[in-house]
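Structure first, then comments.
Naming convention: chains lettered A, B, ... in sequence-line order (proteins, then strands); numbering from 1 in each chain.
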There are 2 protein chains.
Amino acid sequence: MPRKSQEEKARSRARIVEVAAAMFRENGIATTGVADLMKAAGLTHGGFYRHFASKDDLVAAAISHSVSTALAELRGAEEPGARAKALKRYIDRYLSEEHVGNPRDGCPLAALGPEAPRSSPQVSKALDEGSAEAVRVLAAAMDGRREAASSLMATLLGSVVMARMASSHQCRKRILLDGQRAALGIVESG
Amino acid sequence: MPRKSQEEKARSRARIVEVAAAMFRENGIATTGVADLMKAAGLTHGGFYRHFASKDDLVAAAISHSVSTALAELRGAEEPGARAKALKRYIDRYLSEEHVGNPRDGCPLAALGPEAPRSSPQVSKALDEGSAEAVRVLAAAMDGRREAASSLMATLLGSVVMARMASSHQCRKRILLDGQRAALGIVESG
DNA sequence: CCTCTTAGATGACAATCATAATCTAAACGA
DNA sequence: TCGTTTAGATTATGATTGTCATCTAAGAGG
């Protein structure tokens, strides 16, 4: 099967990015091969370089994409009342067992952040900008309290990383509850 | 060069574990090969399987080892006064630019924790036990306040992960300062 | 001292990897 | 409508991977 229309090319690209974002979060960057990834997107590995200059190029795109979609629901609210409500729902979702158990469509920073120091400049930059944007969006939902937003994000990230290390269901639950208490404490400390 | 004494074998094994712990934290598990690792330990790759059944076996050993040594300085203190002092120094070191910039001899949970969900059962277990022990030791240094210890650890982990994503020196510094404020707040909230 | 065991070296193995060349048929510009 | 361009398939490449078989010489046990 040969050439596709430009519209379909764009669709292919979007599909690759989305599939890649999920697979990288689930299996890690280094352990996810270009061939597997393309197969999961319904293509063969040969066409990959018509869309991306290199694997790292895709990794950066996948990170940017998944950060944006992860923050989308938090960006929506405009008035302070709706903002506070959206933030609380966001925290609740973030510190849920569902999020802990499904990295593939969860927070990309919690799943891939620690790979930042050992990544290429491209990927490093995507993570840098992604985390900066996350703090910005959180701060906007907290009446501009940047410092509290930074603490909140640390609590969220750390709690999920901890919960994912815990094999026991009970332990995970306790960690998430502790995280929720701490997070709400930070939000209401203004 | 052929056989070595049992004492030297033990020394070799210890060297491999130590080198591996450093390399895994610096370059990640998947991207650190057995051959590179053995070369860094002053050996060739052939002898590896006289010490470990598999790479995962070594990974688990390296994690356990590095968790233990990372918690050693916190385990020392006995009386409450010395405990509180040791804890504050620990937090200060943990949230330092030196720690952020040198994952190779830093906290293994911050560097490798997020790889837990995608690791083998052996490795997963090592991370599970390591994080549980970390919370226990932190709680012991906080008069047994387990809940606060869990929150503290989340703040520590999250802050370091965030700081490592930030490319700008200023941004890193700000994140670490916010983390320190939050951490001290948790410690003194009892 | 003699035999048996084995730590580590050397080299090979099948897989897997990112990347690239080649091909083909359909979409495009004219 | 005709020639050019190109999305994606197929196949190749060279490097790297974890693991293992084989060889060596020296330690350990008698």
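- A:K125 contributes atom NZ, which lies 14.5 Å from atom OG of A:S119 (distance to the nearest 0.5 angstrom).
- One atom, CZ of A:R13, and another, P of D:dT6, lie 17 Å apart when rounded to the nearest Å.
- Salt-bridge annotation for B:E129 and B:R136: absent, with no side-chain N of the basic residue lying under 4.0 Å from a carboxylate O of the acidic one.
- Regarding B:N27, its CG atom lies at a distance of 15 Å from the P atom of D:dT16, rounded to whole Å.
- Across the protein-nucleic acid pair, A:R11 atom CZ and D:dA7 atom C1' stand 14 Å apart, rounded to whole Å.
- To the nearest 0.5 Å, atom CG of residue A:L109 and atom CG of residue A:L157 are 6.0 Å apart.
- Residues satisfying the side-chain hydrogen bond (donor to acceptor under 3.5 Å, both in side chains) test with B:E8, not counting sequence neighbours, are none.
- In this structure, A:L43 atom CG and D:dG8 atom C1' are separated by 7 Å, rounded to whole Å.
- Pairs passing the side chain to side chain donor-acceptor pair (under 3.5 Å) check and including a residue from residues 42-63 of chain B, sequence neighbours excluded, read B:D56-B:S120.
- From A:H65, atom NE2 reaches atom OG1 of A:T69 across 5.0 Å, with rounding to the nearest 0.5 Å.
- A sub-4.0 Å separation between OP1 or OP2 of C:dA7 and a side-chain N or O of B:S12 is absent.
- The NZ-P distance, from B:K39 to C:dA9, rounds to 13 Å in whole Å.
- Straight-line distance from the CD atom of A:E7 to the C1' atom of C:dA26: 16 Å, rounded to whole Å.
- Of the possible donor and acceptor atoms, one in the side chain of B:R25 sits under 3.5 Å from a partner among the backbone N and O of B:A21.
- Atoms CG and CG, from B:L87 and B:L152 in turn, are 6.5 Å apart once rounded to the nearest 0.5 Å.
- With rounding to the nearest 0.5 Å, the separation of CZ in A:R146 from CG in A:L138 is 11.5 Å.
- The side chain of B:K9 sits closest to C:dA7 out of C:dA9, D:dG8, C:dA7.
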Open item on the list: Please encode protein proximity along nucleotides 14-19 of chain C as a string of B, S and -, counting only heavy-atom distances under 4.0 Å.
Closed with: ----SB

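- Among residues two or more places apart in sequence or in another chain, the side-chain contact (heavy atoms from CB on, under 4.5 Å) test is passed with B:K173 by B:E97, B:H169.
- If you take CD of A:E8 and P of D:dT5, they are 22 Å apart, rounded to a whole angstrom.
- Atom C1' of nucleotide C:dG11 and atom CE of B:M38 are separated by 15 Å, given to the nearest angstrom.
- Within residues 114-125 of chain B, no residue approaches DNA chain C, by heavy-atom distance under 4.0 Å.
- Each end of the helix from C:dC1-D:dG30 to C:dA12-D:dT19 yields a helix axis from five base pairs, and these two axes differ in direction by 20° (to the nearest 10 degrees).
- Rounding to the nearest 0.5 angstrom, the gap separating the CG atom in B:D36 from the CE atom in B:M23 is 5.5 Å.
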